[in-house]
Amino acid sequence: MNMRLDKFFTSVGLLSRSETQRAVRAKRIFVNGAAAKKADVKIDPEKDIITLDGEQVLYREFTYIMLNKPKGYISATDDSRLPTVMELLPEKYGKLGLFPCGRLDRDTTGLMLLTDDGELAHFLLSPVSHVPKTYYFECRDELCEISAEKLADGVDIGEKSLTKPAALEYEGKSGRITVSEGRYHQIKRMFEAIGNEITYLERVTFGPLTLDPALARGEWRELTENEIKEIQKHNRNIKEN
Ligand code: URA
């Protein structure tokens, strides 16, 4: 694997491109024991030994995993009583400091993002970023036009403000609802607010990510390059707004 020295420093989050140039000029950066001559020199971050001010800098890209959460698992990194979503991953991921980006209830299934990218998680979860999340739902009673309209317009779930407008498609006792907030037990409480009850809930999208239909419950895969670009773009968009 080859990459430019300045890209290496930006991707590990230590120096910007211009800071790398300055550090190279100041002979603060060494590659395999020799002072780096240029910031755009090609290095292999997995094999070459890179030091900054005499300290080795280890290459560590962030890891992003899409998981199809089954029922019965809690969205936490550890728990003394109940199985956590982390237990569905192979051991090799154990040391990376991954955590679930957001929560799904124990009985909710579907799309979860697990990552060690704290900044991205912070932006995806921040209430001001309004990341859309779509859930497939089944409910106890058939939805009628009036209750569906209420859900879409915003309902009182016992908090200071009504829920924000939601997009809703439904037929009888099932459908898809898209919300741009992440209030505690939000979907279940929205249905309670209209005198109904959620009987099944599955998250199918999270921001730009869509649950991969090839993943069975409990299965996972790393995000593709394109998916990573998409969520990072999302993060940038949020920062700029
Ligand atoms: N809303 C809920 O009520 N539960 C979830 O798990 C996610 C959203």
Side-chain angles (χ1 to χ4, degrees), residues 1-68 77-78 84-102 111-126 129 131 205-212 214-215 219-241:
M1 176 190 192
N2 275 333
M3 76 185 340
R4 285 164 53 138
L5 185 63
D6 49 7
K7 172 78 171 46
F8 169 84
F9 276 102
T10 54
S11 57
V12 294
L14 274 180
L15 299 174
S16 67
R17 276 174 72 173
S18 56
E19 286 168 339
T20 307
Q21 276 171 3
R22 282 199 292 277
V24 164
R25 282 200 293 271
K27 304 231 175 322
R28 293 170 59 205
I29 298 176
F30 281 69
V31 179
N32 298 326
K37 292 196 175 75
K38 287 168 84 183
D40 62 1
V41 68
K42 284 271 178 17
I43 54 129
D44 182 340
E46 279 154 0
K47 295 206 182 103
D48 294 329
I49 295 175
I50 316 291
T51 61
L52 172 66
D53 299 330
E55 293 271 346
Q56 187 172 354
V57 181
L58 293 178
Y59 183 64
R60 187 184 141 281
E61 255 180 331
F62 290 123
T63 302
Y64 305 95
I65 291 175
M66 176 188 290
L67 170 74
N68 185 347
T77 46
D78 61 334
T84 71
V85 288
M86 305 310 293
E87 291 167 34
L88 295 161
L89 299 183
E91 230 179 286
K92 66 170 179 162
Y93 289 109
K95 291 205 181 80
L96 293 181
L98 297 175
F99 56 88
C101 179
L111 175 55
M112 282 218 81
L113 173 66
L114 306 168
T115 186
D116 52 355
D117 184 344
E119 190 197 12
L120 180 79
H122 177 77
F123 278 100
L124 290 175
L125 298 175
S126 162
S129 55
V131 173
T205 76
F206 179 43
L209 302 177
T210 298
L211 181 61
D212 184 340
L215 291 178
E219 288 187 347
W220 59 273
R221 66 161 172 80
E222 291 200 16
L223 294 193
T224 63
E225 288 298 316
N226 262 347
E227 286 169 333
I228 293 172
K229 268 193 210 131
E230 282 301 311
I231 49 169
Q232 283 171 344
K233 197 163 84 190
H234 203 79
N235 184 13
R236 270 204 308 278
N237 289 344
I238 293 163
K239 273 184 181 173
E240 281 159 12
N241 289 337

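Distance check: L5 CG to K37 NZ gives 12.5 Å after rounding to the nearest 0.5 Å. Within the model, atoms CZ of R4 and NZ of K38 stand 9.5 Å from one another, a figure rounded to the nearest 0.5 Å. Note: Q21 CD to L15 CG = 11.0 Å, rounded to the nearest 0.5 Å. Taking CG from L88 and CD from E219, the interatomic distance works out to 10.5 Å, rounded to the nearest 0.5 Å. The CG atom of L52 sits 5.0 Å away from atom CZ of F9, with the distance rounded to the nearest 0.5 Å. Taking CE of M1 as the start and CD1 of I43 as the end, the distance is 8.5 Å to the nearest 0.5 Å.
The two residues D116 and G97 come nearest to each other via the heavy atoms CB-O, 3.7 Å. Considering every non-hydrogen atom in both V85 and P100, the closest pair reads CG2-CG, 3.9 Å. In plain terms, the two heavy atoms of V24 and A36 that are nearest each other are CG1-O, 3.4 Å. The two residues L211 and L111 come nearest to each other via the heavy atoms N-CD2, 3.8 Å. A pairwise comparison of heavy atoms in L113 and I231 identifies CD2-CD1, 4.4 Å as the closest pair. Here the shortest heavy-atom pairing between L223 and M66 reads CD2-CB, 3.8 Å.
Here the side chain of D117 pairs no donor or acceptor atom with the backbone of F62 at under 3.5 angstrom. D44 contributes no side-chain N or O that, together with a main-chain N or O of N2, makes up a donor-acceptor pair within less than 3.5 Å. In this structure, S129 contributes its side chain and F123 its backbone to a donor-acceptor pair below 3.5 Å. Remark: side-chain polar atoms of T63 are not paired, donor with acceptor, to backbone N or O of T115 under 3.5 angstrom. Q232 places no side-chain N or O within 3.5 Å of a backbone atom of K229 that could act as its donor or acceptor partner. For the pair D48 (side chain) and I50 (backbone), a donor-acceptor distance under 3.5 Å is absent.
Residue-environment remark: CD (E55) stays at or below the threshold of 12 foreign heavy atoms within 6.0 Å. Shown here is R17, whose CZ atom has no more than 12 heavy atoms of other residues, nucleotides or ligands within 6.0 Å.
When each of T20, T51, V41 is tested with I29 by the rule side-chain contact (heavy atoms from CB on, under 4.5 Å), just one qualifies, namely T20.
W220 is not listed as a side-chain neighbour of L114, based on a closest heavy-atom distance of 4.5 Å or more. Taking 4.5 Å as the limit, some side-chain heavy atom of I49 sits within range of a side-chain heavy atom of Q56.
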